[in-house]
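Notes follow once the structure below has been shown.
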Amino acid sequence: MFDENRFEEKGHPFMGEEAPENLLEGLDKFSPLQSDSESQGYQTATTIGDKIYVIGGSDDGAKLSMNVKVFNKLTRIWSIPTVLGTKPVPSKGHSAVLLNNDRILILMRDSPLNDGTWFLEVSTPFVKEKNKILGTEVVAWSKGVRGDGPKPIVISGPSGVGKGTLISKLMKEFPSTFGFSVSHTTRAPREKEVDGVHYHFTERSKMEKEIKDGKFLESASVHGNLYGTSIEAVEAVTDAGKRCILDIDVQGARSVRASSLEAIFIFICPPSLEELEKRLRERGTETEEQVQKRLRNAKAELDQGKSPGLFDHILVNDDLETCYKNLKQTLGLDETADASHQPSMKNYQIPLCHSISKKDKKILIHGGSNELGAATPTSFLLDASSLKGGAPGRTRGPKIYAIDSLIDSLNWIEQL
Ligand SMILES: Nc1ncnc2c1ncn2[C@@H]1O[C@H](COP(=O)(O)OP(=O)(O)OP(=O)(O)O)[C@@H](O)[C@H]1O
Ligand SMILES: Nc1nc2c(ncn2[C@@H]2O[C@H](COP(=O)(O)O)[C@@H](O)[C@H]2O)c(=O)[nH]1
């Protein structure tokens with residue numbers, strides 16, 4: 001049984017190499033090799049309770065696959081779980097370290113740290129919830145994003161209030177900061193709407209199947225059609241290094257609030273129902289019957305918008321420029337600065353050959369001995385003690401400290 005508090009030391013996962021003797025001397029605080037995570041060929045095997053999670057797969061020519069299968073030690077039966085989230089691009093192998101007993105940290109060999117740090121969640125709250133809904137064993141991939149990263153923004157409000165108009169203004173003024181989460185919908189495209197840009201327009205039966213397969217962060221029936229945010233839509237924006245904006249209805253906002261996606265929730269109100277009706281009609285995109293339906297729904301949505309704890313901010317969109325200014329203020333954007341500007345973090349390479357030591361949530365990735373003062377560190381300390389977010393979406397907050405010399409690495413071990 002895994003014991004979170006014990007020290008562990010893992011050898012190089014694929015080559016069967018042992019850590020250099022002089023490093024092992026310094027690692028005397030760590031117990032000998034443990035069996036929580038072992039490897040064979042291009043796979044790692046991580047034991048959690050009665051289950052062994054085997055990650056990786058066959059070498060299909062130039063590419064390795066990142067498949068997941070589970071061996072139940074009690075029943076001695078292999079199973080293939082439902083895998084949610086975007087899986088890592090295969091590399092030259094990986095290391096696996098169990099964290100928190102609910103997720104496996106995966107480090108892709110010979111990859112930049114920014115691209116090569118992944119988590120396979122096996123029993124986080126998100127995975128447990130999906131287990132229940134889907135009735136199958138579920139695991140979920142989530143990429144590690146260094147630093148805190150900006151929170152996604154959920155914008156809700158009745159149809160015609162001006163959500164899309166405000167979002168367009170924001171994306172136009174801050175093109176490198178924000179990215180739009182392109183939803184799926186079963187409604188027909190409007191004249192100027194482009195598939196894949198405004199929405200992914202889809203068939204109801206296809207979308208229903210994808211919802212069942214767990215591909216959506218949230219979905220809802222809105223004004224008679226299905227709408228939903230796929231996990232992929234949110235991840236695509238984050239992968240582009242942008243802050244994700246979701247334009248979704250109140251039911252969707254409620255689902256996202258209940259998920260592990262930490263976001264800022266903003267509700268946009270009209271100055272009056274009369275003005276809302278005027279805007280909907282003047283937009284001219286709906287039939288009279290649809291306008292009536294949207295107005296009826298607006299009353300309920302306005303009530304729900306006031307539900308305690310659901311929205312962090314409520315803004316009234318009376319004068320467009322005033323509301324836009326308030327929105328920017330709410331998001332901490334001033335008139336001139338592009339808020340995407342974050343201090344850049346150095347992106348080191350995960351060594352092709354490395355050993356891993358772990359104590360609690362601190363992981364030493366030792367890439368072999370390095371000359372004192374060498375330009376590129378080969379050892380790193382990864383501190384996973386303040387992880388945030390996770391599947392669906394990215395896991396924010398793993399801290400990486402480069403270790404420049406063997407002496408430093410021994411000092412770190414002392415501090416562990
Ligand atoms: N402050 C405003 N004053 C006057 N008209 C506005 C204002 N904000 C938006 N509009 C107009 O109202 C109409 C509806 O706006 P928009 O399409 O952005 O609403 P929406 O909330 O995104 O609607 P939906 O939820 O149906 O997508 C548009 O024609 C837009 O130009
Ligand atoms: N729950 C979700 N609601 C969504 C999503 N995408 C859009 N919407 C909401 O639907 C209505 C109608 O939109 P329209 O484009 O047909 O006018 C509006 O309130 C949107 O916010 C979604 O992915 N999930």
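Counting convention: from 1, in listed order, for ligands and their atoms alike. Predicted model only: the values in this text are computed from it and were never measured.
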Open item on the list: Can you report which non-hydrogen protein atom sits closest to atom 26 (O) of ligand 1, along with the distance?
Closed with: S159 OG, 2.6 Å

Open item on the list: Taking the cut-offs as 6.0 angstrom to the six-membered ring centre and 45 degrees off its axis, would you call R187 and Y227 a cation-pi pair?
Closed with: no

Task: Close approach, R294 and ligand 1, non-hydrogen under 4.0 angstrom - done: yes

Open item on the list: Can you tell whether the side chains of K128 and D102 come within less than 4.0 Å, N to carboxylate O?
Closed with: no

Task: Distance-only donor-acceptor check, side chains H184 and T202, under 3.5 Å - done: no

Open item on the list: Starting from atom 27 (O) of ligand 1, what is the nearest protein heavy atom, named by residue and atom, and what distance separates them?
Closed with: R283 NH1, 3.6 Å

Open item on the list: Can you confirm whether the side chains of D195 and H200 place a donor and an acceptor under 3.5 Å from each other?
Closed with: no

- [ ] Just need the protein heavy atom nearest to atom 4 (C) of ligand 1, so name the residue and atom and give the distance.
- [x] R279 NE, 3.5 Å

TODO: Decide whether an N or O pair under 3.5 Å exists between Y227 and ligand 2.
DONE: yes

Open item on the list: Can you classify the ring geometry of F71 versus W78 as parallel (below 30°), tilted (30 to 60°) or perpendicular (above 60°)?
Closed with: tilted

TODO: Would you mind finding which of H223, E286, R294 brings a heavy atom closest to atom 17 (O) of ligand 2?
DONE: R294

- [ ] Heavy-atom distances under 4.0 Å are what count here, so tell me which part of R187 touches ligand 2: side chain, backbone, both or neither.
- [x] side chain

Task: Among T229, I155, I167, D247, closest by any non-hydrogen atom to atom 21 (O) of ligand 2 - done: D247

TODO: May I ask you to check whether over 12 heavy atoms, not counting those of E232, lie within 6.0 Å of atom CD?
DONE: no

TODO: Please could you name the atoms of ligand 2 that G252 approaches to less than 4.0 Å, counting only its heavy atoms?
DONE: 1 (N)

Open item on the list: Tell me whether D110 is salt-bridged to K92, with the criterion being a basic N under 4.0 Å from an acidic carboxylate O.
Closed with: yes

Task: Distance from atom 1 (N) of ligand 2 to nearest protein heavy atom, with residue and atom - done: D249 OD1, 2.7 Å

Task: Element-labelled atoms of ligand 2 that are located less than 4.0 Å from some non-hydrogen atom of A220 - done: 1 (N)

Task: Residue and atom name of the nearest protein heavy atom (relative to atom 19 (O) of ligand 2), distance in Å to one decimal - done: K163 NZ, 3.6 Å

Task: H94 versus T44, side-chain donor and acceptor atoms under 3.5 Å - done: yes

Task: Cationic N near anionic O, under 4.0 Å, K151 to D312 - done: no

- [ ] Specify the protein heavy atom at minimum distance from atom 15 (O) of ligand 2: its residue, its atom name, and the distance to 0.1 Å.
- [x] Y199 OH, 2.6 Å

Task: Point-to-point distance, once rounded to the nearest 0.5 Å, from CG of L105 to OG1 of T395 - done: 9.5 Å

TODO: If you have a sec, work out which protein heavy atom is nearest atom 11 (C) of ligand 2 and how many Å separate them, to one decimal?
DONE: V222 CG1, 3.8 Å

Open item on the list: Can you confirm if the NZ or CZ of K242 lies within 45° of the ring axis of F178 and under 6.0 Å from the centre of its six-membered ring?
Closed with: no

Task: Heavy atoms of other groups near R204 CZ, more than 12 under 6.0 Å - done: yes

- [ ] Just need the protein heavy atom nearest to atom 23 (O) of ligand 2, so name the residue and atom and give the distance.
- [x] S183 OG, 2.6 Å

Task: From I248 atom CD1 to S183 atom OG, the distance as rounded to the nearest 0.5 Å - done: 7.5 Å

Open item on the list: For ligand 1, which is the ligand I care about here, please tell me if D319 has any N or O atom under 3.5 Å from one of the ligand's N or O atoms.
Closed with: no

Task: Sub-4.0 Å heavy-atom approach of G160 to ligand 1 - done: yes

Open item on the list: Against ligand 1, does D249 come closer than 4.0 Å with any heavy atom?
Closed with: no

Task: Nearest neighbour in protein (non-hydrogen) for atom 24 (N) of ligand 2 - done: E218 OE2, 2.7 Å

Task: Per-residue contact class, R190 against ligand 2 - non-hydrogen pairs under 4.0 Å - done: side chain

- [ ] Check if P158 has a non-hydrogen atom at a distance under 4.0 Å from any atom of ligand 1.
- [x] yes

